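Heads up: the structure comes next, in structure tokens.
Keep in mind that this is a model prediction, so the values were computed, not measured. Basis for what follows: all heavy atoms, side chains included, without hydrogens, waters or symmetry-related copies.
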Amino acid sequence: MLTCFDLEPGADVRDFRAALARLSEHLVSQDLLAETGPVGRRQRHPVMDTDEERDHEYFFVMAFDDRAQCDRAVDYMYRSPGAVDSLHRSVYDRIANPVFICWEDLPD
């Protein structure tokens with residue numbers, strides 16, 4: 001899942017990365033996530049960046065082993081109050097204008 005986003009005014013990218021790492025570690029420990037890649041900053045390049053619909057500054061990718069793991073993660077986020085809710089809120093409250101794009105790798 002690709003997440004493109006801006007930071008909320010006053011949010012610090014280092015604090016965001018730390019919050020995302022805590023959420024990701026929790027989900028991995030529950031076998032609900034394979035990994036989360038690093039947070040990246042958009043590079044507005046005249047040839048290599050042609051997306052004129054979005055103007056987000058940051059992105060990251062969360063990888064799941066398969067669709068079933070992705071579905072279990074979504075279910076867990078919606079149905080399991082407590083620690084995961086505070087971890088998720090700590091990430092989500094720092095971002096503005098999120099766009100989520102989910103895809104599946106094609107087999108070889």
Side-chain angles (χ1 to χ4, degrees):
M1 177 181 77
L2 170 65
T3 300
C4 302
F5 65 100
D6 295 312
L7 288 174
E8 284 287 346
D12 182 87
V13 71
R14 292 170 299 219
D15 293 337
F16 173 79
R17 285 194 317 231
L20 181 61
R22 288 188 298 271
L23 174 61
S24 298
E25 289 167 6
H26 177 77
L27 294 174
V28 167
S29 76
Q30 301 298 309
D31 194 31
L32 298 171
L33 178 69
E35 65 181 354
T36 298
V39 174
R41 184 184 306 248
R42 186 174 188 168
Q43 295 297 307
R44 288 169 177 81
H45 186 278
V47 175
M48 301 299 286
D49 184 352
T50 62
D51 185 353
E52 295 180 9
E53 292 181 43
R54 285 161 286 279
D55 194 33
H56 298 93
E57 185 171 0
Y58 298 100
F59 71 92
F60 65 90
V61 174
M62 289 182 138
F64 300 91
D65 292 331
D66 53 29
R67 174 66 186 262
Q69 185 183 47
C70 179
D71 290 344
R72 287 193 314 273
V74 170
D75 187 55
Y76 180 73
M77 299 295 280
Y78 280 107
R79 299 176 104 194
S80 300
V84 73
D85 186 52
S86 64
L87 292 169
H88 187 246
R89 187 67 34 208
S90 182
V91 170
Y92 199 77
D93 287 349
R94 288 181 166 90
I95 63 174
N97 310 314
V99 171
F100 307 105
I101 303 168
C102 193
W103 72 88
E104 179 180 27
D105 291 339
L106 296 175
D108 293 333

Which residues satisfy the side chain to side chain contact (heavy atoms under 4.5 Å, CB included) test with Asp55, sequence neighbours excluded?
Arg42, Arg44

Check whether any side-chain heavy atom of Leu33 sits under 4.5 Å from a side-chain heavy atom of Ser24, and report yes or no.
yes

Sequence neighbours left out, cut at 3.5 Å: what donor-acceptor pairs do the side chains of residues 11-20 make with other protein atoms?
{"residue": "Asp12", "atom": "OD1", "partner": "Arg14", "partner atom": "NH2", "Å": "2.8"}
{"residue": "Asp12", "atom": "OD2", "partner": "Arg14", "partner atom": "N", "Å": "2.8"}
{"residue": "Asp12", "atom": "OD2", "partner": "Arg14", "partner atom": "NE", "Å": "3.1"}
{"residue": "Asp12", "atom": "OD2", "partner": "Asp15", "partner atom": "N", "Å": "3.3"}

Pairs touching residues 58-71 that satisfy salt bridge (charged side-chain N to carboxylate O under 4.0 Å, His left out), sequence neighbours left out
Arg67-Asp71

Side chains of Phe59 and Val39 in contact at under 4.5 Å (non-hydrogen atoms):
no

Tell me, do Met62 and Met1 make a side-chain contact under 4.5 Å, heavy atoms counted?
yes

Hydrophobic clusters here meaning ILVMFWY residues chained together by side-chain heavy-atom distances under 4.5 Å, can you tell me if Phe60 and Val28 are in one?
yes

Applying side chain to side chain donor-acceptor pair (under 3.5 Å), name anything that partners Thr3, two or more places apart in sequence or on another chain.
none

Report the residues that fulfil side chain to side chain donor-acceptor pair (under 3.5 Å) with Arg72, sequence neighbours left out, ordered by chain and then residue number.
none

Can you give me the closest heavy-atom contact between Ala34 and Gln69, atom names plus distance?
N-OE1, 3.7 Å

Got a sec, which pairs hit ring-ring contact (aromatic ring centres under 6.0 Å, His included) with one end in residues 76-97, sequence neighbours left out?
His26-Tyr76, His88-Tyr92

Which side-chain N or O atoms in residues 97-108 pair as donor and acceptor under 3.5 Å with protein atoms at least two apart or in another chain?
{"residue": "Asn97", "atom": "ND2", "partner": "Asp6", "partner atom": "OD2", "Å": "3.1"}

Quick one: side chain to side chain donor-acceptor pair (under 3.5 Å) partners of Asp93, sequence neighbours excluded?
Arg89

Transitive ILVMFWY side-chain link Leu87 to Val74, under 4.5 Å
no

Close side-chain approach of Met77 to Val84, heavy-atom, < 4.5 Å:
yes

What pairs with Arg79 under side chain to side chain donor-acceptor pair (under 3.5 Å), at least two apart in sequence or on another chain?
none

For residues 33-58, the ring-ring contact (aromatic ring centres under 6.0 Å, His included) pairs (sequence neighbours left out) are Phe5-Tyr58

Who pairs with Glu57 by salt bridge (charged side-chain N to carboxylate O under 4.0 Å, His left out), at least two apart in sequence or on another chain?
Arg41

